[in-house]
2 protein chains.
Amino acid sequence: MRVSATSLRLAAAFGEGVYTENCPTREALTRVTSRWAPLLLAALSDGEPLRWNELRHRASGITDKMLSQTLRTLEADGYVHRDARPVVPPHVEYSLTPDGVELTERLVDLMIFVSNRALGSAPAATRLAD
Amino acid sequence: MRVSATSLRLAAAFGEGVYTENCPTREALTRVTSRWAPLLLAALSDGEPLRWNELRHRASGITDKMLSQTLRTLEADGYVHRDARPVVPPHVEYSLTPDGVELTERLVDLMIFVSNRALGSAPAATRLAD
DNA sequence: CGGCATCCAGCATGATACTG
DNA sequence: CAGTATCATGCTGGATGCCG
C-alpha cells in the first residue's frame, strides 16, 4: 500500500528490495554523514576555497588525522576539489565540486531541520558561542 | 564573502559560529543518520504502520537489540509513534509522526542523491582504509 | 604549511541467551 | 510477539610524534 511520494521515490530509486544488507548506498551515506564531513562541507558552502588551517579552524575540535581523512574521503567521492600548488611553503586549497554543492544543500537542509527539532522552539544560535 | 543560498541558510540557522564543538545538532544528526534509523524510517515511509517483525524483516540484517534501540531513540526524538495494544500476544505498531514524515523526506532525498553518485559515473569511492 | 604513521580508547554495534 | 540483559568486538575517532 504505497501511498506517499516519499515511498514512491524510494521504490523508484531502489526497487522493491528497498535497500538490503550490502547496499553501497549505506556506506556512501555513512561517509557523508560522518562526524566531520557535514562540518567541512558546510564550511565550504559559501563558495570560497579554504586552506587546511582555515578548515581546521572552522571545524572546531577536529584533529589533523580526521581533517585529512575526511577531506580525502570527500575528495575520493567527488564532493571536494583539492588544488595543491607546488610552492614552498605548500599552498593547498579545498573547494566544493558541483556534486559537493548539491550534497551540501541536502545536508544543510537536514541539519537545520534536525536542529529545529532537537532544540525545540529555541533559536539555534544561542548555544553556539565557543 | 557569503554568496550561496546554502551558506545564507546556514548563517540564518546557526549564526556566525556555524556550529562548534558541543553543538547538540551534531548529536541529533548522528542519531537520525545512525546505521539503522534511515532504514527503519524508509520502511515506514509509505504511511502504513508496521509491527516489530515486519520492521525486522525490512531492515535486513538488523538485530533485536539494534531494532529496539533505534526505535526507542526515534520515538524519544519524536519521529516515530509507538502504539502498543495491551493484548496477549502483544500487538505493537510503529508509524511515523508528522515530524518523522518530514525527516524521512529529507533522508530519502539524501539517500537517493548519494546513491546516484555512488553508483553513477564516479569511481566508487575508494574506501578510506582507516 | 600541510600533511602522514602509529598507537590507543570509547562507543556503536553485534551475538547470544532469556522473558512476560 | 515483542522485547531485555549480558558480554564481546570492531571501527570511528583522538593523541602524539614525525616529515617534505
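A, B, ... follow the sequence lines: proteins, then strands. Residue 1 opens every chain.
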Minimum-distance nucleotide to A:S34 side chain [options: D:dG13, D:dA15, D:dC7]: D:dG13

For a quick check, tell me whether the side chain of B:K65 and the base of C:dT13 share a donor-acceptor pair closer than 3.5 Å. yes

Taking atom P of D:dA15 as reference, at what distance in whole Å does atom CD of A:Q69 sit? 14 Å

To the nearest Å, give me how far apart CG (A:L39) and C1' (D:dG13) are. 14 Å

Is there a side-chain contact between A:L96 and A:T104, using heavy atoms and a 4.5 Å cut-off? yes

Scan nucleotides 1-3 of chain C against the protein and return all N/O pairs shorter than 3.5 Å with their distances rounded to 0.1 Å.
residue : atom : partner : partner atom : Å
C:dC1   : O3'  : A:R51   : NH2          : 3.0
C:dC1   : O3'  : A:P90   : O            : 3.3
C:dG2   : OP1  : A:R51   : NE           : 2.7
C:dG2   : OP1  : A:R51   : NH2          : 2.6
C:dG3   : OP1  : A:R82   : NH2          : 2.4
C:dG3   : OP2  : A:Y94   : OH           : 2.5

Take the protein atom CZ of B:R56 and the nucleotide atom P of D:dC1, then report the distance between them rounded to whole Å. 11 Å

Is any side-chain N of the basic residue among B:E93 and B:R82 closer than 4.0 Å to the acidic one's carboxylate O? no

Closer than 4.0 angstrom, basic N to acidic O: yes or no for A:R31 and A:D77? yes

In whole Å, what is the span from the CZ atom of A:R26 to the P atom of C:dA12? 18 Å

Closest heavy-atom pair and its distance - B:V3, A:D46: CG2-O, 2.8 Å

Under 4.0 Å between a side-chain N/O of A:R35 and OP1 or OP2 of D:dG14, yes or no? yes

Note: B:R58-B:E54 ion pair, threshold 4.0 Å (strictly below): no

In this structure, how many angstroms lie between the C1' atom of C:dC11 and the CZ atom of B:R31, rounded? 15 Å

Is the closest side-chain heavy-atom distance between A:Y79 and A:D99 below 4.5 Å? yes

Does a side-chain N-to-carboxylate-O contact under 4.0 Å join A:R9 and B:E105? no

For B:E27 and D:dG13, what is the distance between atoms CD and C1' respectively, to the nearest whole Å? 16 Å

Round to a whole Å and report the spacing from CD1 of B:I62 to C1' of C:dA12. 13 Å

Can you tell me the distance, in whole Å, between the CE atom of B:M66 and the P atom of C:dA12? 9 Å

